Amino acid sequence: MTGSNSEQLSLIEELKTIVGASNTLTDSVKKQAFTKGIRFGGGDAVAVVKPATLVEIWQILKVCVAADIAVIMQAANTGLTGGSTPDGNEYDRSIVIISTMRVNDIHIVDNGKQIVGLPGSTLFGLEDVLKPYGREPHSVIGSSCIGASIVGGICNNSGGALVQRGPAYTELSIYAQIDIDGNLSLVNNLGIHLGNNPEEILTNLQQKNFTDSDLEFTEKRASDNEYHERVRQIDEPTPSRYNNDGRRLYESSGCAGKLAVFAVRLDTFEIPAKQQVFYVGTNDAQVLTKMRRDILSTFKSLPVSGEYLHRDCYDTSKKYGKDTFLVIDKLGSKYIPKMFGMKRVVDRYADKISFLPTKISDRFMQYLSCLWPDHLPKRMNEFRDQYEHHWILEMSNEGVDEAKAYLDDFFANNEGNYFDCTKDEGEKAILHRFVAGGAIGRQQLMNSKELGNIMTIDVAFPRNEQDWFEKLPKELDDQIAVKLYYGHLFCHVMHQNYILKKGVDSKAVKAKILESFDARGAEYPAEHNVGHEYFAKDALKSFYKELDPTNSFNPGIGKTSKCKHWH
């Protein structure tokens, strides 16, 4: 990182003038929650600033551009590949992180059919705002339960579990961009008339100083409204969705922080009048292959979701995701960000005491969760004992009866079984699947003396792939202590997680696995974006360079250059 001490001090004073001293963090301990990823990555920043308004964000950007400072826009910092934090300290400029979480307004437009989300607005906040309108957002669980932001989902083309809706996507947004000559400009492609200069536009946007007559309705998309057709094309040799898909790289969508996004405009979706969860178990992965193809190609109604969970992942989620499950089940998803905040504070102070173990909050919560009785429904646990593969199939409206008739007929002639979930069973089955991601890290932490590193891959298999369940060659399998598989089976997006044996080279193992994916026409990452863990492929790298020719926003993303002008 560059810049003299006097220059950095001058910059910090300017930032304090904009947001106040208490919202300008320079202490390394206080910055840690923003400079370190939730699972992967971390580095240093000269300051973390927490603006309260869109205009303050604009003013911070002007100061940073004038001082030749690189900027990372950060919302909830829940990304799993480190894409919203620095990556090491090998940059040619200092970095400022702008935390947008105080700017969390959500504006309802078009009678709830669309919303405008500001940069710190969250998915679970959007769920609450939309309920009175009988509507719901693109994603309703998963990342939402740890407080992921609306804008972050768009910037990363996040996938979501819902089969009809595809990746998070819009062509309507407002953002700041730096051109090849280093000039900062505000681009209003939100489809709302808000004024003529940046300060006026941003003030009117935040305060909702606009009416329905200021809205434009054009052919520009506010969601991936073609995905429901694409996912049905089960014989196509390409994946249905993945981060490098050029179809869905457009301005803010997929930009991975190469623009400073102020707001996005998105479609919302009607809450179904009738919903039903079916719990499916089988010992033959090909049974699920046949079901997937049948349902996508013959059903009149697309499923809401179809979440796969292997038995080993069921066990890990049950044991090591129990505390998160209970917090969400008893207190609601809105409590999760508070829990993460408390954990960070506890760990920060505990790290100063040399004899205490690392991540003491996780260890304490794990021990505490063991005191609670079994939290999963009896019928789910019985299926766990009987079946290796678990599939949580959710249908809505006319699709409920359609699925019921199909499942009765199918399992009269095929191995496996299913049951209709009660409302409580259905909610707990879905929640059990979605705490799996955090449970894997907890398992490795609690057994770190015996286990090696974690390695995670989210991969999109071609739509015509039928051998989706992984069978590793012996030379690779022998290096892995724990394999944990879950994913969105209808979309053919799988999350494949590995805990390696002690001393195993994780990079070498991962390279071999990714090589096998390349041979099968798979794409990766599928929905977590490249972050600092994956190489951005040529099409994605070109997109980044087009958006940010001076490489001033989130430099180094996708293992690209961290230097100015991409040198």
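All heavy atoms count here, side chains included; hydrogens, waters and symmetry mates do not. Predicted, not measured: the structure shown is a model, and the values here were computed from it.
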**Q.** Residue that, paired with Asn529, satisfies side-chain hydrogen bond (donor to acceptor under 3.5 Å, both in side chains) out of Asn244, Asn157, Asn156
**A.** Asn156
Q.
salt bridge (charged side-chain N to carboxylate O under 4.0 Å, His left out), that's the test. Do Arg442 and Asp323 meet it? Break it down for me.
A. CA-CA 11 Å; Arg442 178 73 63 77; Asp323 57 316; 2.9 Å; yes
Q) Is the side chain of Arg221 donor-acceptor paired with the backbone N or O of Thr170 at a distance under 3.5 Å, no angle test? A) no
Q. Checking Lys537 against Tyr524: charged group under 6.0 Å from the ring centre and within 45 degrees of the axis?
A. yes
**Q.** Check: Arg265 and Ile115 side chains under 4.5 Å, non-hydrogen atoms
**A.** no
Q: Would you confirm whether Ser149, through its side chain, and Ser121, through its main-chain N or O, come within 3.5 Å as a donor-acceptor pair?
A: no
Q | Donor-acceptor under 3.5 Å (Asp329 side chain, Phe325 main chain) | A | no
Q: Without swapping roles, check the side chain of Thr122 against the backbone of Ala148 for a donor-acceptor pair under 3.5 Å.
A: no
Q. Heavy atoms, side chains only, cut-off 4.5 Å: are Leu15 and Val96 in contact?
A. yes
Q: Taking Asp224 for its side chain and Tyr169 for its backbone only, find out whether a donor-acceptor pair lies under 3.5 Å.
A: no
Q) Do any N or O atoms from the side chain of Glu546 and from the backbone of Ser542 form a donor-acceptor pair under 3.5 angstrom? A) no
Q) So, the side chain of His532 versus the backbone of Thr85: is there a donor-acceptor pair under 3.5 Å, distance only? A) yes
**Q.** Flag side-chain contact, heavy atom, 4.5 Å: Arg241 against Glu527
**A.** yes
Q.
For His495 and His528, take the angle between the two ring planes, folded into 0 to 90°, and tell me which bin it lands in: parallel under 30, tilted 30 to 60, perpendicular over 60.
A. parallel
Q.
Checking the side chain of Asn554 only, and the main-chain atoms of Ile557 only, is there a donor and an acceptor separated by less than 3.5 Å?
A. no
Q: Can you tell me which residue pairs pass the side-chain hydrogen bond (donor to acceptor under 3.5 Å, both in side chains) test with a partner in residues 444-458, sequence neighbours excluded?
A: Tyr320-Asn447
Q.
Less than 6.0 angstrom from the centroid, inside 45 degrees of the normal: does Lys510 satisfy that with respect to the ring of Tyr534?
A. yes
Q: Let me see the working for Lys564 and Asp68 under salt bridge (charged side-chain N to carboxylate O under 4.0 Å, His left out), right down to the final yes or no.
A: CA-CA 9 Å; Lys564 191 172 182 179; Asp68 197 20; 3.1 Å; yes
Q.
Quick one, Lys559 with Asp87, criterion salt bridge (charged side-chain N to carboxylate O under 4.0 Å, His left out). Give me CA distance, side-chain angles, the key distance, then yes/no.
A. CA-CA 9 Å; Lys559 296 186 181 291; Asp87 175 45; 5.9 Å; no
Q.
As an exercise, state the distance from CD1 of Ile72 to OG1 of Thr35, rounded to the nearest 0.5 Å.
A. 9.5 Å
Q | salt bridge (charged side-chain N to carboxylate O under 4.0 Å, His left out) evaluation trace for Lys507 with Asp505 | A | CA-CA 6 Å; Lys507 290 184 178 179; Asp505 183 348; over 6 Å; no
